[in-house]
S.K.: 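Below you'll find the structure I mean.
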Amino acid sequence: MNFKEIEPKWQKFWENKGLFKAPSEPIPDKKYYNLVMFAYPSGDIHIGHFRNYTIGDALARYKKMRGFDVLHPFGWDAFGLPAEEAAIKHGIHPREWTLNNIEVSRVTLKRLGIGYDWDREVITCLPDYYRWNQWIFLKMFEKGLAYQAESLVNWCPHCKTVLANEQVEDGACWRCHQEVTRKNLVQWFFKITEYADRLLQDLDRLEGWPERVKAMQRNWIGRSEGARVIFKLDPERTELPVYTTRPDTLFGVTFISIAPEHPLSKTLSKGLPEEKMVNDFIESTLRRTERDRTAQGEKNGVFTGRYALHPMTGEKIPLWIGDYVLAGYGTGIVMGVPAHDQRDFIFAKKYSLPIKVVVEPHSQELNALELKEAYEAYGTMVNSGPFTGFFSFDGIKAITEMLKEKGLGDFEVRFKIRDWLISRQRYWGTPIPMIHCEKCGVVPVPYEDLPVKLPEGKIDFIPKGRSPLEDVPTFIEVTCPKCKQKAKRDPDTMDTFVDSSWYFLRYLDPKNEKLPFDPKKANAWMPVDQYTGGIEHATLHLLYFRFFTKVLHDLGYVRIDEPVVRLFNHGMVSDSQGEKMSKSKGNTVSPSDLIAQVGADVTRIAVFFAAPAEKEILWSEDGIGGAERFLNRVWRFFESALEQNEGEERPEKVWRKLHQTIKRVTEDMERFSFHTAIAALMELLNVLEEEKSKGKFARSVMAIYAQLISPFTPHIAEEMWEKLGNKSSVFQSEWPSYDPKALEESEIEIVIQVNGKVRDHLTVAKGAKEEEIKLKALDSPKVKNLIGDKELKKIIVVPEKLVNLVVQ
RNA sequence: GCCGGGGUGGCGGAAUCGGCAGACGCACGGGACUUAAAAUCCCGGGCCUUGCAAAGGGCGUGUGGGUUCAAGUCCCACCCUCGGCACCA
């Protein structure tokens, strides 16, 4: 049987029948929104995509047979840098390059037998879509959730654009791995920090999400509880707020450190003998790379010549500038407690600053002079004025409360997460719908003027470190919507992660020209019941789209405030050495080639059976051979079953195996254990072959077999279904259910253990009494031999399972 | 350092509720068919050990302990490994 020859026939059949079209509003209790991460069209579909999308496809087909209204849409994350790079390299316009790739990939997806509702296809680089990015941006601007600010931002010198925090991995650009530098720029941000607490807390509600994704998001959001403590500059009494999680160590402060980037650093020493040293230090520190500076270990600093007053004791505390103080976290100023913070300890030792012990472990005195490292644990407070004798936890509370009374501090919760920087200095993205007017300032583009379209024609894409749009006068030059004077458009485009933050809502109403989506339709389909994709977006897309959902919820456009009930992360597909596949390494496996060689169904089985869906696959051709062998056997058995008419008896063994298989496959589909579902189907085939099942009975078994295997091998299943005399699609049939009675065996094998070790087996009738089992077990010659004249202490009988004889 | 996964044959892995560890497959070895090969079919296999054989025995799910009649599964301590966060005060 040449499987690949029948595949186009069934693909056409499905398309003509509109098998995968979803209703615009589903039956409420029977809806299944089955979402897979849409694709960046960088060429053709690769094997990683293939794995992702066959999982989604198998689920869609299974759920349809279970009677659900299934929504299984697809689209393209079509903006992004590679399109511009291709434009520079090959002189093709990014749009043309992108749309060509989409064309090629769409055909491949169809040939892979993946069934989408293509009427809902979304392409983010088309104005139909990105105008709603602009619309949402304006809504967020109105709510104060989109704002422009000057700050030190991550800059990728290779991509020549800024990056959000989430897009810097280990100090390098997530896309090109070039080391990131810092720049002070005015950029647009989304205020995700305002949602930090909700994004964190609601993770607890996401029971259907993998623990590791939730852990990553918790780490990333980085909530910490502590206190703001205000030191005052001597003598001006300017406030120097610090953030600390250890107010209990407040009496141990012997210096204060300020980040070199902090504005105060430049001004504190003005006119003092220290001024030059301070300026030199700041300058040389700022010149160092982020990675170099944050390498743990060495700490450098310089004394400013100035002092601050301790909020409790009024003591004069020296002010230092320290290169280990992060400008972007807390207040950019920290209190130095060398006895109880390892970083402060190293710093104090280096510059011979005093060390003062204020917390001691239980029943042990610490001597500041003898400390080898900071004592960072909690303990009993000492040398802490009225708080001496308190335990740390009580001290934290009491000290913060007293600071609050004095107006010199308060409890404070801090997050590590920063606001989402969305400006990009590139062409191929959504224009930011803002106008800069000399007179009126920043003015939003009126809604009726949307979309702000990307200019067409000849554009110089070569990155120069500023947006290519800046050099397109027809785009940049506008009149101010307010004062009608000459003004300029914002030249930047949006981060493409904006596009992917709400595409799942556009699928629900893709042609809407009045709104990004109709809330009624959104409420009918949301939340997404199942989302399937890779783990790489754990703290990127998966954080951003939760944020967008909450914003759109707060704006009143969706009822739900979490987008996805159940999240599944499939494993990667690597080469046989475990190396990541890439075009440059030449170790890629092309799904298109595989379909051409062995067909889609064989490839699908091979990928499903290679490993549990959540684990990495080390790709090997051997898997293809095994899959092909299995499907050939299925087909051969199917044909032999069709041919013969005699043999209508229903052997109990096969009947039972059939129903066990229905049960197992059904349960395995529900728990995403596709490889064991296939193993169960292999076992059933083994039994069918062993028992040489034939005729009518075998045909009825094979009808069920076709249904059970159909999520994995849809084409072969349809072919079998048709040959069995059915006119409609196997996917319009009802998923088989098992008969619990068929699972019951009339005779049951029972294990006989002596002292917990299996020594013999016993066959008894179903429902045999304990007493009978005991007697039979004791009657076993093997058992008699083992027991001999030892004393029988106890007999444990687990009905229908085992009997354990305990002897001494 | 903190947080989260995971450790089972040569390999991918199974064991879903504490009850026969290794299902299913890959690779491998042996055999049948064939002039031959491919394809296909049959047989074998955790490790060690007694035995000519038939048939036995012991050990075995990262390590050490514990609970239990019974532990891959539960509890305690530890080791290794993968991933996330990390000069975050």
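What's counted below: heavy atoms across the whole structure, side chains too, no hydrogens, waters or symmetry copies.
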S.K.: If every non-hydrogen atom of A/Gly756 is compared with every non-hydrogen atom of A/Asn804, which pair is closest and at what distance?
M.R.: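 In this case the closest contact between A/Gly756 and A/Asn804 is N-OD1, 3.0 Å.
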
S.K.: Atom pairs, N/O to N/O, protein against nucleotides 6-12 of chain B, distance under 3.5 Å?
M.R.:
unit_1: B/rG12; atom_1: O2'; unit_2: A/Ala610; atom_2: O; d: 2.3

S.K.: OP1 or OP2 of B/rA89 versus the side-chain N and O atoms of A/Ser224: is any pair under 4.0 Å?
M.R.: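 Yes, within the criterion.
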
S.K.: Are any of A/Lys299's side-chain N or O atoms less than 4.0 Å away from OP1 or OP2 of B/rC87?
M.R.: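 So the side chain of A/Lys299 is outside the cut-off, no N or O lying under 4.0 Å from OP1 or OP2 of B/rC87.
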
S.K.: Rounded to the Å, how far apart are A/His262 NE2 and B/rA89 C1'?
M.R.: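 From A/His262 NE2 to B/rA89 C1': 14 Å.
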
S.K.: Sticking with atom C1', work out how far B/rG62 lies from B/rU81, rounded to a whole angstrom.
M.R.: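 These two C1' atoms come out 10 Å apart once rounded.
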
S.K.: Just to confirm, is there a sub-4.0 Å distance from OP1 or OP2 of B/rG83 to any side-chain nitrogen or oxygen of A/Lys214?
M.R.: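 For A/Lys214, the contact criterion (side-chain N or O under 4.0 Å from OP1 or OP2 of B/rG83) is not met.
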
S.K.: Can we say A/Glu744 and A/Arg656 salt-bridge, meaning some charged N sits less than 4.0 Å from an Asp/Glu carboxylate O?
M.R.: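 Answer for the salt bridge query: no.
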
S.K.: For B/rC24, take OP1 and OP2 only and decide whether either is under 4.0 Å from a side-chain N or O of A/Arg664.
M.R.: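 The answer is no; no side-chain N or O of A/Arg664 sits under 4.0 Å from OP1 or OP2.
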
S.K.: B/rC26 base to A/Asp622 side chain: any donor-acceptor pair below 3.5 Å?
M.R.: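 In this structure, the two groups form no donor-acceptor pair.
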
S.K.: Please report the distance separating the P of B/rC82 from the corresponding atom of B/rC75, rounded so that it comes out in whole Å.
M.R.: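 Looking at atom P only, B/rC82 and B/rC75 are 25 Å apart.
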
S.K.: Here's a test for you: under salt bridge (Lys or Arg N to Asp or Glu O under 4.0 Å), which of A/Lys299, A/Arg288, A/Arg287 qualifies with A/Asp323?
M.R.: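 Going through A/Lys299, A/Arg288, A/Arg287 one by one, the salt bridge (Lys or Arg N to Asp or Glu O under 4.0 Å) with A/Asp323 is satisfied by A/Arg288 alone.
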
S.K.: Between B/rG83 atom P and A/Trp220 atom CH2, what is the distance in whole Å?
M.R.: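 Taking CH2 of A/Trp220 and P of B/rG83, I get 17 Å after rounding.
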
S.K.: To the nearest Å, how far apart are A/Leu631 CG and B/rC26 P?
M.R.: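 Going from A/Leu631 (CG) to B/rC26 (P), I get 12 Å.
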
